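One structure below.
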Amino acid sequence: MSKRFKYKGKVISLDFSDNWKEIVKQYFHDRFGVPESMWDQYKVFNRGDELWLASFSIVPSDLRIVKAGLRLLRIKGNPKPTTVALQWLSPYITKNVVNTNKETLSKLLQGGILHISNFPESTTDGEKGYVALAFQGLIVGCGHISSGGMVKSQIPAGKARELLEILARL
Amino acid sequence: MDRYADIIPDFESFKACLLTPQPHYIRVNTLKVTEQEVISKLEKLGFILQKVSFAKWFYEVIDTPGYSITHTLYHWLGWFYVQDIAPGLVSPILDPQEDELILDLAAAPGGKTTHIAQIMKNTGTIIANEPVTGRLRSLQANTHRMGVLNTIITQHNGIMFPDSGPFDRVLVDVPCSGEGRARETKSRRKGAEEGFIESISGTQKGLLRRAIQLTKPGGIIVYSTCTFAPEENEAVVNYALQNEPCEIVPIEMAENIPHSKGLIKWQGMEFDESLRYTIRIYPHQLDSGGMYIAKLRRL
Ligand SMILES: C[S@@+](CC[C@H](N)C(=O)[O-])C[C@H]1O[C@@H](n2cnc3c(N)ncnc32)[C@H](O)[C@@H]1O
């Protein structure tokens with residue numbers, strides 16, 4: 001942490017410990033096939049039950065910080081990746097991808113639940129857990145498969161609405 | 001706008017231009033994709049794009065398939081930012097270097113913040129500040145969408161921004177009367193109210209002074225507005241030259257970017273000679289919105 005932001009003799013830092021980065025590295029590697037080297041140039045910090053990604057080198061003290069970095073993973077209980085994280089990792093994700101088309105994605109975005117057999121060429125064994133929803137070869141967000149093989153969207157409501165409007169135009 | 005008849009070259013074309021629709025431009029977000037990838041996907045949808053020769057990553061939207069380019073999957077995924085070419089000149093003039101510490105004192109909705117992050121390849125640190133709660137949302141959404149990771153968003157009145165830094169470079173893209181956006185908004189075509197110009201210039205002076213104070217000696221400050229009023233432009237920079245330790249750095253523009261020089265006098269006021277090295281961008285010259293840009297060095 002640079003000392004340039006010393007203010008009244010104090011430097012405040014977020015918890016950027018290597019343990020957090022290790023959790024992120026392993027989780028995205030094991031679940032989505034993301035290469036571990038992907039994270040080398042980034043920092044991971046913890047806030048509450050969440051792990052966040054950032055690349056800034058200095059954290060100022062005495063500033064009213066509203067937001068910093070990108071939310072990656074909720075670590076309470078089973079780790080849950082965020083939609084933005086999966087979008088950001090899109091080019092590196094090779095496993096647990098559920099391939100949607102206009103019709104199936106629209107249904108999911110409207111709160112629908114569909115069996116995994118509706119998604120041909122998906123790279124998942126259909127076991128319970130979080131998956132990456134893909135459309136036209138691009139990851140658009142997070143989904144979940146329940147123990148019965150039922151797929152549900154986890155894309156936040158506002159984002160889901162925007163995406164639905166885009167699909168309607170296609 | 002008639003008060004500018006003597007300072008804006010070819011004033012009749014200027015006025016005529018304000019009645020024409022402004023072209024749309026996009027800046028491809030190389031933090032997420034390559035230019036080739038974006039352009040080929042957009043062209044498949046039926047958009048026709050033309051590379052802007054003098055502005056890296058910028059393309060003019062020549063034609064659309066009947067809907068806005070902001071209503072595409074690729075916009076939603078943060079593959080590009082819709083940004084006019086005139087404000088698109090500002091971040092390259094700031095010229096942020098990788099690993100530097102940058103302050104963007106008036107940042108929402110984040111057009112320039114995300115551009116700076118892209119130039120820095122997500123390295124170093126940007127403090128992007130915005131006091132207005134309602135506008136913080138757009139700043140957060142845009143930095144998120146564009147995959148910006150080197151930025152910390154803060155909420156302060158820029159005039160009283162806490163002691164911090166010192167920063168390598170500070171951008172002060174101030175609130176202004178917005179006359180340069182007259183092509184987008186009909187109501188702006190007659191020019192701003194002089195009372196408003198006078199009151200906003202006080203805020204602008206305060207912001208620029210604070211920006212200079214927060215910059216390290218030798219560091220760079222860029223002051224910009226999207227308006228023509230000299231009271232909000234040269235007069236503000238002139239005031240800073242008189243009250244803070246700083247000097248003008250001439251802006252070097254490529255020859256193929258049409259622009260005008262800053263003024264050294266206006267309605268009986270005389271400004272420092274060096275203000276001629278600041279720049280004015282007029283809509284009829286660049287086929288864009290309007291912009292004023294000054295570059296300063298902290299002494
Ligand atoms: C011209 S806009 C900035 C545009 C932005 N830089 C971009 O490129 O997207 C000016 C901003 O200054 C903010 N502002 C107003 N008063 C301010 C103050 N006292 N300190 C800092 N920012 C202020 C406004 O809310 C507005 O978001």
Side-chain angles (χ1 to χ4, degrees), chain A residues 1-2 4-8 11-12 14 39 41-44 52-72 82-91 102 105 135-141 155-156 158-170, chain B residues 31-33 37 41 44-45 65-68 70-79 98-103 117 120-131 133 136-137 139-141 143-157 161-168 216:
Chain A
M1 197 64 34
S2 165
R4 285 198 291 183
F5 256 109
K6 253 191 169 176
Y7 182 73
K8 292 182 184 161
V11 175
I12 292 184
L14 294 172
W39 307 97
Q41 53 181 312
Y42 302 108
K43 298 180 169 68
V44 174
W52 288 64
L53 179 69
S55 67
F56 45 76
S57 41
I58 291 165
V59 181
S61 59
D62 261 49
L63 293 184
R64 184 165 171 218
I65 297 179
V66 180
K67 213 193 109 205
L70 190 129
R71 189 144 49 101
L72 277 180
T82 63
T83 278
V84 270
L86 295 176
Q87 283 178 3
W88 189 76
L89 291 166
S90 181
K102 181 179 168 181
L105 183 56
F135 178 69
Q136 295 183 343
L138 300 167
I139 305 294
V140 293
I155 298 175
K159 283 271 149 199
R161 250 192 321 273
E162 290 170 9
L163 187 51
L164 261 176
E165 280 175 30
I166 290 166
L167 292 178
R169 243 174 240 109
L170 292 179
Chain B
L31 291 179
K32 284 203 163 176
V33 275
E37 212 172 338
K41 294 266 203 233
K44 266 194 202 127
L45 291 178
Y67 55 90
S68 161
T70 58
H71 295 150
T72 57
L73 177 64
Y74 312 111
H75 181 266
W76 188 79
L77 288 171
W79 284 17
E98 287 180 31
D99 297 320
E100 281 186 338
L101 176 59
I102 310 285
L103 173 63
M120 294 170 80
K121 303 197 177 100
N122 249 341
T123 68
T125 307
I126 305 173
I127 305 296
N129 180 67
E130 171 60 46
T133 304
L136 276 168
R137 256 180 102 95
L139 179 59
Q140 292 182 42
T143 49
H144 231 142
R145 185 173 66 83
M146 303 296 277
V148 168
L149 294 173
N150 64 347
T151 298
I152 297 172
I153 297 176
T154 63
Q155 185 176 24
H156 290 282
N157 176 352
F161 195 84
D163 282 337
S164 49
F167 293 88
D168 294 302
K216 72 176 190 197

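The structure presented is a predicted model; accordingly, all values stated were derived computationally and were not measured. Convention: sequence-line order gives letters A, B, ...; per-chain numbering from 1.
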- prompt: Nearest heavy-atom pair of A:Arg71 and B:His144: which atoms, and what distance?
  reply: N-NE2, 4.3 Å

field: Atom NZ of A:Lys102 with >12 non-hydrogen neighbours under 6.0 angstrom
entry: yes

task: Please report the closest heavy-atom contact between A:Ile139 and B:Leu77, naming both atoms and the distance.
output: O-CD2, 3.8 Å

- request: Sort B:His156 into side chain, backbone, both or neither according to what part of it lies under 4.5 angstrom from a heavy atom of chain A.
  value: side chain

message: Taking B:Asn122's backbone N and O only, do any of them form a donor-acceptor pair with A:Ser55's side chain (distance below 3.5 Å, no angle check)?
response: yes

task: Dump the intermediate steps for side chain to side chain contact (heavy atoms under 4.5 Å, CB included) on B:Thr143 and A:Lys67, then the final yes or no.
output: CA-CA 10 Å; B:Thr143 49; A:Lys67 213 193 109 205; 4.3 Å; yes

statement: Between B:Leu45 and A:Leu170, the two heavy atoms sitting closest are CD2-CD2, 4.5 Å

statement: Nearest heavy-atom contact between B:Trp79 and A:Leu138 is CZ2-CD2, 3.6 Å

message: Measuring from atom CH2 of A:Trp52 to atom CG of B:Leu149, what distance do you get when rounded to the nearest 0.5 angstrom?
response: 11.5 Å

message: Rounded at 0.5 Å granularity, tell me how far CG in B:Asp99 sits from CD1 in A:Ile58.
response: 9.5 Å

Closest non-hydrogen atom pair between B:Trp76 and A:Leu163, with its separation: CH2-CD2, 3.6 Å

- prompt: Using a cut-off of under 4.5 Å for heavy-atom pairs, which of A:Glu162, A:Gln87, A:Arg169 has the most such pairs with chain B?
  reply: A:Arg169

field: Heavy-atom check, side chain of A:Phe56 versus side chain of B:Ile127, under 4.5 Å
entry: no

task: Give the minimum heavy-atom separation between A:Ile166 and B:Leu73, together with the two atoms involved.
output: CG2-N, 3.5 Å

- request: Please look at A:Glu165 and chain B and tell me whether the side chain, the backbone, both or neither of the residue comes under 4.5 angstrom of a heavy atom of that chain.
  value: neither

